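The structure under discussion appears below in the form of structure tokens.
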Amino acid sequence: MTPARILIIAGSDSGGGAGIQADIKTVTLLGGHAMTAITAITAQNTLGVQGVHPVPTAMVLAQMESCLSDIGVDAVKIGMIGSADTANAVADRLARLDNVPIIFDPVMVATSGSLLADDATIAAFERLMAIATLVTPNIPELAALGGEEIAVRFDTHVLAKGGHGDGPMLTDRLIAPQGVLKAWSNARIDTPHTHGTGCTLASAIATGLGQGLDLIEAIARGRKYVREALTLAPGLGGGHGPMGAPFGFHAYA
């Protein structure tokens, strides 16, 4: 069977915990075929981001076009975007796709607290939200983007993630323009090794949609995958380490 073709537009994480590296791992373990358009190169580890080098917008588009024109695409995942110019150009190109689900994870700050998007880039996120099937912000990202009403403003779905919340129970809510469609609550997994959770969840959802799952099914499977990956964290590095790899997950998910 031909695997779902997932185009990942995101930055590289040299430490392997998040970004393109986490995306490729997730798509592969869930049975998809990962393609990439790298938007930025980062020098990064579990302690923080030591350097960021944006890839020129023309090269980001060239990577996208190489994949789209030859291999095709069943779903798109957008993560770290690199610059405002790249955000606008990517939005223009993706708007030409026909009925392809787009998952936008509005990466602003790394798990370590390092800034990964400047004000101009965050402002350009509006173009990406307007074409997205689903936007997946955490609590501070959702506040920075304008709150839950972005579902109405941009006629999209929003997965408001609760991982930055307080207390022993965390809740993720799927918000449509007409209101909350579904909520998932689980006990907090007590671990510092959460680097890449947002990237991983967004890529897992994109893979599910590319494989033909509906949005709620894709989110449910993605959440299950992330929770298992958290329990398998190998404890690498001296800070917020990467999650583990649930090998064989797609065989029973």
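Small disclaimer: the values here were computed from a predicted structure and weren't measured.
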Worksheet, complete the sentence: One should read off an interatomic distance between Asn88 CG and Thr57 OG1, to the nearest 0.5 angstrom, of 9.0 Å
Worksheet item: Between Thr42 and Ser12, is there a donor-acceptor pair closer than 3.5 Å when you use the side chain of the first and the backbone of the second?
Response: yes
Worksheet item: Should Asn186 and Leu170 be marked as a side chain to side chain contact (heavy atoms under 4.5 Å, CB included) after you check the CA-CA gap, both sets of side-chain angles, and the distance that decides it?
Response: CA-CA 6 Å; Asn186 292 98; Leu170 302 175; over 6 Å; no
Discussion item. With clusters defined by side-chain heavy atoms of hydrophobic residues (ILVMFWY) lying less than 4.5 Å apart, directly or transitively, does Ile38 cluster with Ile24?
Written reply: yes
Item to complete: Flag yes if Val76 and Leu213 sit in one hydrophobic cluster, no otherwise; membership is Ile, Leu, Val, Met, Phe, Trp, Tyr, and two members link when side-chain heavy atoms are under 4.5 Å apart.
Response: no
Worksheet item: Taking C-beta and beyond as the side chain, do Ser14 and Asn45 meet within less than 4.5 Å on heavy atoms?
Response: no
Worksheet item: For the atom pair CG (Leu68) and CD (Gln63), what is the distance rounded to the nearest 0.5 Å?
Response: 11.5 Å
Worksheet item: Short question: side chain of Glu148, backbone of Ile175 - any donor-acceptor pair under 3.5 Å?
Response: no
Worksheet item: Heavy atoms, side chains only, cut-off 4.5 Å: are Ile150 and Glu126 in contact?
Response: no
Discussion item. Tell me whether Val60 shares a hydrophobic cluster with Leu97, the cluster being built from Ile, Leu, Val, Met, Phe, Trp, Tyr side chains joined at under 4.5 Å.
Written reply: yes
Worksheet item: Under a single-linkage definition using a 4.5 Å side-chain heavy-atom cutoff for Ile, Leu, Val, Met, Phe, Trp and Tyr, are Leu232 and Val27 assigned to the same hydrophobic cluster?
Response: no
Practice prompt. Report the C-alpha separation of Gln44 and Gln21 in whole Å, then their side-chain angles, then the decisive distance to 0.1 Å, and conclude whether the side chain to side chain contact (heavy atoms under 4.5 Å, CB included) test is met.
Written response: CA-CA 12 Å; Gln44 186 174 169; Gln21 287 81 351; over 6 Å; no
Discussion item. With heavy-atom distances below 4.5 Å as the criterion, would you say the side chains of Leu181 and His157 are in contact?
Written reply: yes
Worksheet item: Which pair of non-hydrogen atoms, one from Ala233 and one from Pro242, has the smallest distance, and what is that distance?
Response: CB-O, 3.7 Å
Discussion item. Are Ile205 and Ile216 linked, directly or through intermediate hydrophobic residues, by side-chain heavy-atom contacts shorter than 4.5 Å (ILVMFWY only)?
Written reply: yes
Worksheet item: Can you check whether Leu201 reaches Arg223 side chain to side chain, under 4.5 Å on heavy atoms?
Response: yes
Practice prompt. Looking only at non-hydrogen atoms, find the nearest pair between Gly79 and Phe104 and report the distance.
Written response: O-CE1, 4.4 Å
Worksheet item: Any sub-3.5 Å donor-acceptor pair from Glu228's side-chain atoms to Pro246's backbone N or O?
Response: no
Practice prompt. Identify the heavy atoms of Asp13 and Ala18 that sit nearest to each other, and give their distance.
Written response: OD2-N, 2.8 Å
Discussion item. Looking at every non-hydrogen atom in both residues, tell me the closest pair between Trp184 and Leu159 and how far apart they are.
Written reply: CZ3-CD1, 4.0 Å
Fill in: Check: Asp74 side chain, Gly210 main-chain N or O, donor-acceptor pair, under 3.5 Å
no
Fill in: Under 3.5 Å donor-acceptor, His240 side chain and Pro192 backbone
yes
Fill in: N/O donor-acceptor pair under 3.5 Å between Asp105 side chain and Val107 backbone
no
Worksheet item: Where do Ile131 and Ile102 come nearest, in terms of heavy atoms and distance?
Response: O-CD1, 3.6 Å
Worksheet item: Given the rule in the side chain to side chain contact (heavy atoms under 4.5 Å, CB included) test, do Leu94 and Ile9 qualify, once you have shown the distances and angles that lead to the verdict?
Response: CA-CA 11 Å; Leu94 293 181; Ile9 305 167; 4.1 Å; yes
Worksheet item: Out of curiosity, Arg188 CZ to Asp190 CG, how far, rounded to the nearest 0.5 Å?
Response: 8.5 Å
Response to the item:
In this structure, CD1 of Ile81 is separated from OG1 of Thr39 (nearest 0.5 Å) by 5.5 Å
Discussion item. Can you confirm whether Thr156 sits close enough to Leu134 that some side-chain heavy atom of one is under 4.5 Å from a side-chain heavy atom of the other?
Written reply: no
Worksheet item: For the side chain of Asp155 and the backbone of Ala151, is there at least one donor-acceptor N/O pair under 3.5 Å apart?
Response: no
Worksheet item: When you measure from the side chain of His193 to the backbone N and O of Gly241, does any donor-acceptor pair fall under 3.5 Å?
Response: yes
Worksheet item: Quick one: does Ile6's side chain get under 4.5 Å of Val73's, heavy atoms only?
Response: no
Discussion item. Taking the side chain as everything from C-beta on, heavy atoms only, tell me whether Thr28 gets closer than 4.5 Å to Leu30.
Written reply: no
Practice prompt. Quick one: pull up CG in Leu174 and OG1 in Thr136 and give me the separation to the nearest 0.5 Å.
Written response: 11.5 Å
Worksheet item: Salt bridge or not for Asp172 and Lys182, using N-O below 4.0 Å?
Response: no
Discussion item. Main chain of Gly237, side chain of Thr46: is a donor-acceptor contact present, judged purely on distance under 3.5 Å?
Written reply: no
Worksheet item: For Met35, does its backbone N or O pair with a side-chain atom of Arg5 as donor and acceptor, under 3.5 Å?
Response: no
Item to complete: Would you check if Arg221 and Gln211 make a side-chain contact, meaning some heavy-atom pair closer than 4.5 Å?
Response: yes
Practice prompt. Take Ser203 and Thr26, measure what side chain to side chain donor-acceptor pair (under 3.5 Å) needs, and give me the verdict at the end.
Written response: CA-CA 6 Å; Ser203 285; Thr26 301; 5.5 Å; no
Discussion item. Could you measure the distance from the CG atom of Asn138 to the OG1 atom of Thr197? Nearest 0.5 Å is fine.
Written reply: 8.0 Å
Item to complete: Can you see which heavy atom on Ala120 is nearest to which on Ala84, and at what distance?
Response: O-CB, 3.6 Å
Worksheet entry | Listed once per pair and sorted, the salt bridge (Lys or Arg N to Asp or Glu O under 4.0 Å) pairs that draw on residues 60-70, sequence neighbours left out | Glu65-Arg93
Worksheet entry | Any pair counted as salt bridge (Lys or Arg N to Asp or Glu O under 4.0 Å), so long as it reaches residues 21-49, sequence neighbours left out | Asp23-Lys77
